[in-house]
> 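Please find one structure pasted underneath; my questions will follow.
Quick note: residue numbers are just sequence positions, from 1.
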Amino acid sequence: MRTMTMRNVECMGARDAMGGCPFDLGRRLRRFQRCIETSHWDQWLIRQAARFDRMLSGAVILLAVAFFLSLSRIF
């Protein structure tokens, strides 16, 4: 039998029946870890690395061009 703590008393009610206690960070962390372990997002990220690199380098080049154009207007 679990001991009733102040946190457990605060979490009791309609919210408990819906999705659990919103303040129970341990349960949320375990659910997030399960989601990470069962998904293949890291493999997808590795496959898309070249695309992300091209996008990042393009963004850096555009920012550099915009910076130098704004500098040329000042002088």
Side-chain angles (χ1 to χ4, degrees):
M1 185 169 174
R2 285 184 4 183
T3 307
M4 291 298 279
T5 62
M6 188 61 160
R7 193 174 105 205
N8 289 341
V9 172
E10 289 173 357
C11 294
M12 289 176 64
R15 286 186 183 173
D16 224 8
M18 295 297 286
C21 176
F23 303 110
D24 190 6
L25 298 178
R27 182 181 297 167
R28 289 179 182 225
L29 181 61
R30 284 189 300 275
R31 186 171 46 200
F32 177 71
Q33 286 173 339
R34 244 190 342 264
C35 176
I36 293 295
E37 290 170 356
T38 58
S39 69
H40 298 290
W41 65 271
D42 53 343
Q43 295 170 359
W44 177 83
L45 188 63
I46 291 168
R47 285 193 308 267
Q48 303 295 328
R51 180 181 294 172
F52 291 140
D53 288 341
R54 283 193 306 269
M55 288 172 43
L56 182 63
S57 61
V60 167
I61 290 171
L62 284 176
L63 285 173
V65 168
F67 175 74
F68 287 120
L69 285 176
S70 68
L71 243 119
S72 68
R73 287 186 173 205
I74 292 174
F75 296 116

> Just to verify, what does Arg34 make a side chain to side chain contact (heavy atoms under 4.5 Å, CB included) with, not counting sequence neighbours?
Arg31

> Side-chain atoms of residues 54-66: list all donor-acceptor pairs with protein atoms under 3.5 Å, sequence neighbours left out, distances to 0.1 Å.
| from | atom 1 | to | atom 2 | distance (Å) |
| --- | --- | --- | --- | --- |
| Ser57 | OG | Asp53 | O | 3.1 |
| Ser57 | OG | Arg54 | O | 3.0 |

> Is it true that atom CZ of Phe32 has more than 12 heavy atoms of other residues, nucleotides or ligands lying nearer than 6.0 Å?
no

> Leu29: which residues meet the side chain to side chain contact (heavy atoms under 4.5 Å, CB included) condition with it, sequence neighbours left out?
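Only Gln33 meet the side chain to side chain contact (heavy atoms under 4.5 Å, CB included) criterion with Leu29.
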
> Under the side chain to side chain donor-acceptor pair (under 3.5 Å) test, which residues partner Arg51, sequence neighbours left out?
Gln48

